Participant: 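The structure's right below; bear with me while I get my questions together.
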Amino acid sequence: AQRVTQPEKLLSVFKGAPVELKCNYSYSGSPELFWYVQYSRQRLQLLLRHISRESIKGFTADLNKGETSFHLKKPFAQEEDSAMYYCALKRGGKLIFGQGTELSVKP
Amino acid sequence: DGGITQSPKYLFRKEGQNVTLSCEQNLNHDAMYWYRQDPGQGLRLIYYSQIVNDFQKGDIAEGYSVSREKKESFPLTVTSAQKNPTAFYLCASSMGGLAGVSSYNEQFFGPGTRLTVL
């Protein structure tokens with residue numbers, strides 16, 4: 001069955017430290033993966049998608065088919081990065097979301 | 001903000017009552033979705049609709065019902081059959097919902113409705 005796993009419920013780092021939010025997926029076909037973010041008191045919104053190979057707000061995510069992973073990385077975390085992050089896998093016309101990881105960046 | 005709205009923001013229900021959550025969008029999107037968000041469980045899909053007058057069950061449809069009579073509206077009814085209805089409910093819409101139409105199937109989310117059963 002298709003599944004998305006985010007093993008960390010909470011990730012706490014200091015400002016300026018590197019951050020990596022883990023995402024693993026199970027999918028037999030060619031996956032399309034996304035990261036969504038929800039800042040405090042704001043709506044859930046798309047952060048980036050693997051197919052675009054883009055960097056948004058300093059974040060990047062590389063699809064590793066061998067390890068079935070799509071980890072989100074940023075070399076230097078900022079306090080404004082504190083938010084809830086969800087990894088999502090496209091299945092047909094729907095998205096399967098992971099459990100979410102709360103990122104807390106301390107000053 | 002704007003584009004996709006949900007009402008009310010907070011909703012309280014007595015056990016045994018049905019309640020309807022509103023979701024409206026003016027983005028001219030074909031597809032609309034309902035999710036339930038619980039701590040530690042992420043977002044789980046309840047129902048989705050790819051076109052008007054058509055909808056499909058998601059992963060946790062039991063105890064819920066929907067209708068899609070208009071393109072811009074996708075109300076969700078939480079029935080008394082839903083055993084654990086207290087949760088945060090999110091509505092979303094996207095330009096395309098059919099597989100293969102577009103890989104950039106970005107979903108836009110509403111602000112959510114928090115339902116509490118008393």
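Everything numeric in this text was worked out from a predicted model, so none of it was measured. Side-chain atoms are counted along with the backbone in the values below, which use heavy atoms only and exclude waters and symmetry mates. In the text below, chain A, chain B and the rest are named by the order of the sequence lines, each starting its count at 1.
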Participant: Taking a hydrophobic cluster as the set of Ile, Leu, Val, Met, Phe, Trp and Tyr residues connected by side-chain heavy atoms closer than 4.5 Å, whether directly or through intermediates, do A:L33 and A:I56 fall within one such cluster?
Facilitator: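 Yes, A:L33 and A:I56 fall within the same hydrophobic cluster.
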Participant: Are there over 12 heavy-atom neighbours, none belonging to A:F76, within less than 6.0 Å of that residue's CZ?
Facilitator: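 Open: at most 12 neighbouring heavy atoms sit under 6.0 Å from CZ of A:F76.
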Participant: Same hydrophobic cluster for A:L63 and A:F97, using side-chain heavy-atom links shorter than 4.5 Å among ILVMFWY?
Facilitator: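 No, A:L63 and A:F97 fall in different hydrophobic clusters.
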Participant: Taking atom NZ of A:K90 and atom CD of B:E106, what is their separation to the nearest 0.5 Å?
Facilitator: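 Separation between the atoms: 13.0 Å.
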Participant: B:Q107 and A:Y36: side-chain contact (heavy atoms from CB on, under 4.5 Å), yes or no, with the steps?
Facilitator: CA-CA 10 Å; B:Q107 293 189 9; A:Y36 277 77; 3.7 Å; yes
Participant: Examine B:W34 and B:L11 and state if one hydrophobic cluster contains both, with Ile, Leu, Val, Met, Phe, Trp and Tyr joined whenever side-chain heavy atoms are less than 4.5 Å apart.
Facilitator: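 B:W34 and B:L11: one cluster.
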Participant: Does any backbone or side-chain atom of B:Y35 lie under 4.5 Å from a heavy atom of chain A? Answer side chain, backbone, both or neither.
Facilitator: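 Side chain only.
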Participant: Taking B:D59 as the fixed residue, which of A:K94, A:R91, A:R3 is the one that meets the salt bridge (Lys or Arg N to Asp or Glu O under 4.0 Å) rule?
Facilitator: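 Going through A:K94, A:R91, A:R3 one by one, the salt bridge (Lys or Arg N to Asp or Glu O under 4.0 Å) with B:D59 is satisfied by A:R91 alone.
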Participant: How about OH on A:Y39, more than 12 heavy atoms from neighbouring residues, nucleotides or ligands closer than 6.0 Å, or not?
Facilitator: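 Buried by this count: over 12 neighbours within 6.0 Å.
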Participant: Does any backbone or side-chain atom of A:Q6 lie under 4.5 Å from a heavy atom of chain B? Answer side chain, backbone, both or neither.
Facilitator: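 For A:Q6, there is no contact with chain B at all, as no heavy atom is under 4.5 Å.
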Participant: Only pairs of heavy atoms separated by less than 4.5 Å count here; which of A:L44, A:V4, A:L46 has the most with chain B?
Facilitator: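 Among A:L44, A:V4, A:L46, the one with the most close pairs to chain B is A:L44.
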Participant: Could you state the interatomic distance from CD (A:Q38) to CD (B:Q37), rounded to the nearest 0.5 Å?
Facilitator: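 If we round to the nearest 0.5 Å, A:Q38:CD and B:Q37:CD are 5.0 Å apart.
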Participant: Using the rule that two of Ile, Leu, Val, Met, Phe, Trp, Tyr join whenever any of their side-chain heavy atoms come within less than 4.5 Å, decide whether A:I96 and B:L45 are in one cluster.
Facilitator: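 No, because A:I96 and B:L45 fall into different hydrophobic clusters, even though each may have its own neighbours under 4.5 Å.
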Participant: Find the distance between CG (A:L95) and OH (B:Y48) and round it off to the nearest 0.5 Å.
Facilitator: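 Those atoms lie 11.5 Å apart.
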